[in-house]
> 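Supplied in structure tokens, the structure appears directly below.
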Amino acid sequence: MDHPLPIGSMRSTAEYRRYPRLWVFPPSLDSGKAHMCLRLSSAWPFAEVNAIDTAADTYTVDFCRLNPNMTVPVLEIEDKVITDSRLIADFLSQRYTGEGDGQAILAGKVEPLTRFVNLASSWDETIHEFSRPSRGSGRLLNRLEVTRLRENYLEAADERHVMGPKSSLSSSCSSASSADD
């Protein structure tokens, strides 16, 4: 069974993070997958998990700087920011193999472990079904999200004038705002 292609990315940062930090939206299935993988990894005992209260919290300027896609889950680990549950699972299994994974590998049971990871990765993220309804209040919620996103972008643009030239992150936020029109 093929596993879904990641829609996020993994990028390097200038800052090294000694202990991992995971950003999740609790009702999100993809956040749950990443949280499960972190808990099963050897990185878990030192991890910090930040739960975002509402999906709109991903539209803040600070979160946009962390992840221009404005999606969760996001894992900050070592000198990396990883923004897709499958990429997070693959990274953790390769770099921070948990005790159970290690025992499965030593016992030659890699295939069942891989099948389980692929199965979990194939579970569909249904949170979008209720967060983007097609009628009435759903359209209003989507317009409010776009308005909040534009307000946060304008706030970032004001900071840019104070801080210096336009960065690629500001460009990413701008193109995300234009795409929602």
Side-chain angles (χ1 to χ4, degrees), residues 1-129 131 167-173 175-176 179:
M1 169 202 283
D2 290 334
H3 61 277
L5 294 174
I7 59 169
S9 65
M10 181 176 352
R11 66 178 169 82
S12 295
T13 64
E15 199 173 309
Y16 186 87
R17 172 168 280 288
R18 184 172 179 185
Y19 301 115
R21 178 188 302 156
L22 179 67
W23 296 86
V24 297
F25 179 55
S28 163
L29 185 58
D30 286 334
S31 288
K33 292 180 221 178
H35 194 188
M36 176 185 70
C37 291
L38 180 59
R39 286 190 64 116
L40 295 173
S41 76
S42 60
W44 172 248
F46 309 105
E48 172 187 338
V49 177
N50 290 321
I52 293 173
D53 293 330
T54 66
D57 289 345
T58 62
Y59 295 155
T60 65
V61 174
D62 289 337
F63 197 86
C64 185
R65 285 186 181 119
L66 177 65
N67 179 12
N69 292 331
M70 297 174 281
T71 58
V72 288
V74 175
L75 178 64
E76 297 174 86
I77 189 166
E78 299 174 355
D79 63 341
K80 304 200 178 355
V81 175
I82 309 170
T83 62
D84 181 84
S85 60
R86 180 60 194 228
L87 292 174
I88 291 170
D90 291 344
F91 179 84
L92 291 172
S93 71
Q94 292 167 10
R95 297 284 287 266
Y96 293 91
T97 304
E99 184 179 338
D101 294 344
Q103 290 173 359
I105 291 167
L106 289 174
K109 306 224 182 229
V110 174
E111 181 60 32
L113 181 63
T114 303
R115 276 197 318 266
F116 174 75
V117 170
N118 289 339
L119 174 66
S121 292
S122 72
W123 296 336
D124 191 19
E125 175 67 80
T126 57
I127 187 77
H128 301 292
E129 292 301 317
S131 69
S167 69
S168 61
L169 181 58
S170 299
S171 299
S172 299
C173 292
S175 63

> What's the shortest heavy-atom distance between Tyr96 and Ala43, and which atoms?
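Closest approach of Tyr96 to Ala43, heavy atoms only: CD2-CB, 3.7 Å.
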
> Would a 4.5 Å heavy-atom cut-off, applied to side chains only, mark Thr58 and Phe25 as touching?
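Thr58 does not reach Phe25 side chain to side chain.
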
> Check the angle between the aromatic planes of Phe63 and Trp23 and answer parallel, tilted or perpendicular using the 30° and 60° thresholds.
perpendicular

> If we only count heavy atoms from C-beta on, is the Ile77 to Leu92 side-chain gap below 4.5 Å?
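Side-chain contact under 4.5 Å: yes.
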
> Could you give the distance from CE (Met36) to CZ (Arg39), rounded to the nearest 0.5 Å?
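Going from the CE atom of Met36 to the CZ atom of Arg39 covers 11.5 Å.
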
> If I compare all heavy atoms of Asp30 with all of Ser85, which pair ends up nearest, and what's the gap?
O-CB, 3.5 Å

> Got Leu75 and Leu22 here, is their nearest side-chain heavy-atom distance under 4.5 Å?
yes

> Can you tell me how far the NE2 atom of His35 sits from the CD1 atom of Ile88, to the nearest 0.5 Å?
11.5 Å

> Please find the pair of heavy atoms, one from Pro68 and one from Arg65, that lie closest to each other, and give the distance.
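Looking at all heavy atoms of both residues, the shortest contact is CD-O, 4.5 Å.
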
> Between Asp101 (side chain) and Thr97 (backbone), is there a donor-acceptor pair under 3.5 Å?
no

> When rounded to the nearest 0.5 angstrom, what is the spacing between CZ in Arg11 and CG in Asp79?
11.0 Å

> Within the distance-only criterion (no hydrogens, no angle test), does the side chain of Thr83 pair as donor or acceptor with the backbone N or O of Val74 below 3.5 angstrom?
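Side chain of Thr83 to backbone of Val74, a donor-acceptor pair under 3.5 Å: no, none is there.
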
> How long is the straight-line distance from CD1 of Ile52 back to OG of Ser31, given to the nearest 0.5 Å?
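Rounded to the nearest 0.5 Å, the OG-CD1 separation comes out at 7.5 Å.
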
> For the residue pair Asn50 and Arg21, what are the closest heavy atoms and their distance?
ND2-CD, 3.1 Å

> Rounded to the nearest 0.5 Å, what's the gap from CD1 on Ile105 to CD on Gln103? Could you check?
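Atom-to-atom, Ile105:CD1 and Gln103:CD are 10.5 Å apart.
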
> For atom CD of Glu111, is the number of surrounding heavy atoms from other residues, nucleotides or ligands below 6.0 Å larger than 12?
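Correct, the count exceeds 12.
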
> To the nearest 0.5 angstrom, please state how far the CD atom of Glu78 sits from the OG atom of Ser12.
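Here the rounded value is 10.0 Å.
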
> Looking at every heavy atom in both Lys80 and Thr13, which two are closest together, and how far apart are they?
N-OG1, 4.1 Å

> Do you know the tightest heavy-atom contact between Asn69 and Gly8?
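Residues Asn69 and Gly8, closest heavy atoms: ND2-CA, 4.4 Å.
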
> How would you list, by chain and number, every residue that makes a ring pair (Phe, Tyr, Trp, His ring centres under 6.0 Å) with Phe46, sequence neighbours excluded?
Tyr19

